[in-house]
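Everything below concerns the one structure shown next.
No hydrogens, no waters, no symmetry mates; every other heavy atom, side chains included, goes into these values. We name chains A, B, ... by the order of the sequence lines, and we start the count at 1 in each one.
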Amino acid sequence: MNEKPVDKIAGIIYQHIIENYEKDISIIWNKPPSANLGDVSFPLFSIAKNVGEEVGVIGQSLKPKIENQEIIERVELKGGFLNIFFNRTIFSDKVLKNALKTEKYGKSSEESTRRIIIEHTSSNPNGPLHIGNFRGSVIGDLLSRLYKMSGAAVNVRYYVNDLGRQIAPVVIGYKLLKDNNIEPDSKIDLWIGKIYATMNTLLDIQELKKEIKSKTGNCFVSENLKYEINQNNKEEIEKILSSAELDEKTREYLLKSLKKLFSVQNSLSSKIPKLFGLLRDLTEKKVEDLSSLTQEYIEQYLKGNNKQIVDEYRELTEKALRGHIETLSRFNIFHDDFDRESDIAWSGEVKQILQKLETKQWLRHDGKARLLKNNEIATSLRFKEKYNIKHEIPDLILVNSEGIPLYPCRDIAYHLHKLEKFNANLCINVIGKQQQSLQLGVRLALYALNRSDIADKIIHFDYEYVTLVGRKMAGRELEYVTPDELYSLAREEVYKFLNERDYSEEEKAKIANIVSAASVKISIAKIDPNKAVMFDVKKATDLNENSGPFLLYSFTRAKNIISKAKKANIPIEEIINNLESVEISIIEDEEWNLIKLIEELPMIYKRAINTKRPDTIVNFSFEICKAFNKFYDNCPVISEKNKKIRETRILIVQATIKTLESLFEVLGIESLEKM
RNA sequence: GACCCUGUAGCUCAGUAGGAUAGAGCACCUGCCUCCUAAGCAGGGGGUCGACGGUUCGAAUCCGCCCAGGGUCGCCA
């Protein structure tokens with residue numbers, strides 16, 4: 001099908017206006033609120049007003065021109081709307097046969113000129129993926145699949161932030177455990193997450209005690225129990241703080257920190273008593289000063305010269321990353337390449353960049369600290385003009401007051417060469433909204449470095465974060481929901497179904513894996529990225545309508561009709577191979593509604609890309625499946641006696657299968673023959 | 001204070017290039033498995049689309065102002 005029927009009609013109206021009124025007007029159409037008002041509808045008000053003519057007159061003169069089209073059944077003029085009824089037979093004939101003839105329905109070359117880098121997930125390698133960054137994975141995956149379906153060349157990258165300051169204590173803790181032959185008691189990234197929470201808590205305790213000591217001058221505070229606050233200790237410190245000479249704000253702050261840390265420590269030691277106690281004892285015994293050791297690790301790894309420390313860091317972060325990859329692969333989410341922040345730091349490029357910015361006077365000084373003069377850059381290099389920004393843009397800190405370059409520096413260096421890696425003409429960074437100003441800063445820095453050509457190709461695809469119903473999120477207290485956890489919860493739900501069915505264990509396992517992955521993935525994918533999600537674990541593992549399982553189930557029903565039909569000696573292959581000889585006969589609304597939706601698929605893909613709304617694909621999938629289930633209930637296929645009707649229905653079922661196969665590919669969920 | 005996002009049914013969300021009577025799912029109530037898998041289908045109740053103005057034939061959708069929630073705005077990433 002070369003042209004959508006509705007576009008053809010819009011073209012006729014457009015031509016009519018040009019010829020009779022010499023006006024260039026864009027023609028709008030919409031779906032009528034109810035089926036008895038037609039299949040599509042053209043409001044005539046604005047057209048009439050534009051050309052200075054009565055609505056009725058325009059309508060009457062358009063009506064015959066549209067009516068004489070083969071694909072049109074009839075046209076009704078109602079209340080200023082031109083309501084179009086398609087000829088169901090001709091329309092369906094085109095749609096069904098077109099869908100069945102194409103190798104992959106919905107595949108297009110709309111975006112074939114694009115070479116796109118999509119960066120997503122990019123989680124810190126110091127613990128498991130949680131539901132927050134997993135949302136980015138899902139969105140990024142859908143986007144990349146959507147672009148591929150539209151003909152673009154896509155390269156998916158993961159930026160490994162292995163230079164985070166909080167990683168150092170984890171490396172130290174991991175090493176302590178390893179040296180003492182302590183084996184992980186859980187999936188490796190989860191294990192690392194536990195070490196992360198513990199070691200950073202120990203470090204915080206030590207540093208708080210140091211701080212209190214220096215502010216109060218009381219040596220008692222850190223004499224013993226460097227990494228621990230017990231009840232007596234806490235009361236003692238509180239006494240010291242309340243009697244010390246401090247300004248109120250500091251006192252309050254220190255008391256609050258103490259209270260908070262005390263509770264974090266206790267919550268951790270009750271959640272993971274064995275590991276927490278072990279790590280604390282090991283640290284107490286083997287580490288003289290965790291704080292300064294941490295600092296040393298950070299500095300050494302940033303420089304990259306100390307082979308031992310580099311190896312330790314790499315081993316840990318590689319393991320965590322492997323855990324992420326394992327998790328993602330359960331949901332059919334894959335990356336083509338991984339870029340490490342440390343590699344960029346070691347390349348020496350950051351220094352050059354800072355020098356260039358310095359020479360061009362784009363840096364504001366404050367002691368050793370350096371800030372990017374964002375607003376000045378944006379104004380004088382016409383960034384504001386180009387992106388229609390009217391407000392002031394705050395400066396971005398690049399180098400801290402100790403002279404250490406911060407994360408944005410590496411990100412600038414990264415983006416300077418990122419696009420080259422794939423010869424890309426577009427770079428989409430799927431990153432949480434909290435990084436908005438950072439991402440803006442990176443693009444401004446590129447402007448400042450005379451690389452606006454790169455900056456203009458970068459899009460920050462931001463998404464809102466996830467909050468939890470009935471649970472809090474705090475990595476430091478091991479409070480998070482992981483995709484792995486959701487996956488296994490969903491699996492339990494699936495097994496409740498499967499245990500009532502007579503499948504082999506092997507079949508059950510396969511079905512459970514596919515259904516749980518789809519269930520979790522779809523529950524996240526269906527929500528508008530702009531919306532802060534209130535995530536309900538129960539909902540994500542729910543198997544009812546508007547869920548991944550609902551999509552999969554609909555597909556198995558369609559497949560089942562075909563396989564049963566074959567058994568009933570209906571020559572499916574023959575019908576499909578001789579498409580053109582099938583005579584279409586549409587008699588039910590359920591058939592018609594489904595066909596109209598099938599026709600929309602290519603447009604849905606196009607619009608999802610244009611509006612940057614991958615979630616609309618999910619909602620469209622639900623619609624298709626709902627329509628199919630209605631068809632399923634009302635329109636028997638195999639038992640239908642009339643040959644035309646039966647064969648039409650077989651085409652409808654096959655076209656639905658093709659549509660769903662296409663959608664599943666974009667959603668990255670696997671299909672099942674039975675479940 | 002500035003900027004970004006959000007506010008639609010009891011809950012979770014669709015619907016916003018302006019269009020006719022605002023839709024799903026969950027939850028609640030009522031039906032449907034001698035009939036292609038009931039992870040389904042049919043039906044019911046449930047709404048001043050955050051508030052107020054404006055633009056116009058027409059506004060959940062566009063504009064303005066306000067209210068509420070979340071996020072960011074100089075040493076974390």
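Taking atom CD1 of Ile58(A) as the reference point, atom C1' of C57(B) lies 15 Å away to the nearest angstrom. Rounded to an integer number of Å, the gap from CD1 of Ile527(A) to C1' of A24(B) is 14 Å. Counting to the nearest Å, the P atom of A38(B) and the NZ atom of Lys630(A) are 17 Å from each other. Whole-Å rounding puts the Ile522(A) CD1 to A24(B) P distance at 21 Å. Between Asn50(A) atom CG and G18(B) atom C1' there is a gap of 15 Å when expressed in whole angstrom units. Atom CZ of Phe45(A) and atom C1' of A20(B) are 8 Å apart (whole Å). Regarding Lys641(A), its NZ atom lies at a distance of 14 Å from the P atom of C35(B), rounded to whole Å. In this entry the distance linking CD1 of Ile561(A) with C1' of C35(B) reads 13 Å, nearest Å.
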Identify every side-chain donor-acceptor pair in residues 541-554 of chain A under 3.5 Å, counting partners at least two apart or on other chains, and give the distances.
residue: Thr541(A); atom: OG1; partner: Val537(A); partner atom: O; Å: 3.1
residue: Thr541(A); atom: OG1; partner: Lys538(A); partner atom: O; Å: 3.2
residue: Asp542(A); atom: OD1; partner: Asn544(A); partner atom: ND2; Å: 3.3
residue: Ser547(A); atom: OG; partner: Asn544(A); partner atom: O; Å: 2.3
residue: Ser547(A); atom: OG; partner: Phe550(A); partner atom: N; Å: 3.3
residue: Tyr553(A); atom: OH; partner: Arg557(A); partner atom: NE; Å: 3.4
residue: Ser554(A); atom: OG; partner: Phe550(A); partner atom: O; Å: 2.7
residue: Ser554(A); atom: OG; partner: Asn629(A); partner atom: ND2; Å: 3.2

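In terms of phosphate contacts, Arg165(A) brings no side-chain nitrogen or oxygen within less than 4.0 Å of OP1 or OP2 of C75(B).
Put simply, the side chain of Glu76(A) never gets that close to the backbone of Lys78(A): no donor and acceptor are under 3.5 Å apart.
Residue side chain Asn83(A) reaches the base of A20(B) through a donor-acceptor N/O pair under 3.5 Å, judged by distance alone.
Near-neighbour residues of RNA chain B inside residues 603-614 of chain A, defined by a heavy atom below 4.0 Å, number-ordered: Arg613(A).
The stretch residues 623-639 of chain A participates, sequence neighbours left out, in no salt bridge (Lys or Arg N to Asp or Glu O under 4.0 Å) pair at all.
Ranking A77(B), C26(B), C57(B) by closeness to the Asn161(A) side chain, first place goes to A77(B).
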Output field dot_bracket for RNA chain B (Watson-Crick or G-U, both distances under 3.5 Å, | for other-strand pairs) contains (((((((..((((.....[...)))).(((((.......))))).....(.(((..]....))).))))))))....
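For Glu591(A), the side-chain hydrogen bond (donor to acceptor under 3.5 Å, both in side chains) partners two or more places apart in sequence, or in a different chain, are Arg649(A).
Nucleotides C63(B) and G70(B), compared at atom P, are 25 Å apart to the nearest Å.
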Output a table of nitrogen or oxygen pairs between the protein and nucleotides 3-5 of chain B separated by less than 3.5 Å.
residue: C4(B); atom: O2'; partner: Gln436(A); partner atom: OE1; Å: 3.0
residue: C4(B); atom: O2; partner: Lys433(A); partner atom: NZ; Å: 2.7
residue: C5(B); atom: O4'; partner: Lys433(A); partner atom: NZ; Å: 3.2
residue: C5(B); atom: O2'; partner: Glu464(A); partner atom: OE2; Å: 3.3
residue: C5(B); atom: O2'; partner: Asn530(A); partner atom: O; Å: 2.7

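Within the 4.0 angstrom heavy-atom criterion, base atoms lie near Pro33(A). Looking at heavy-atom distances under 4.0 Å, Leu438(A) makes contact with a base.
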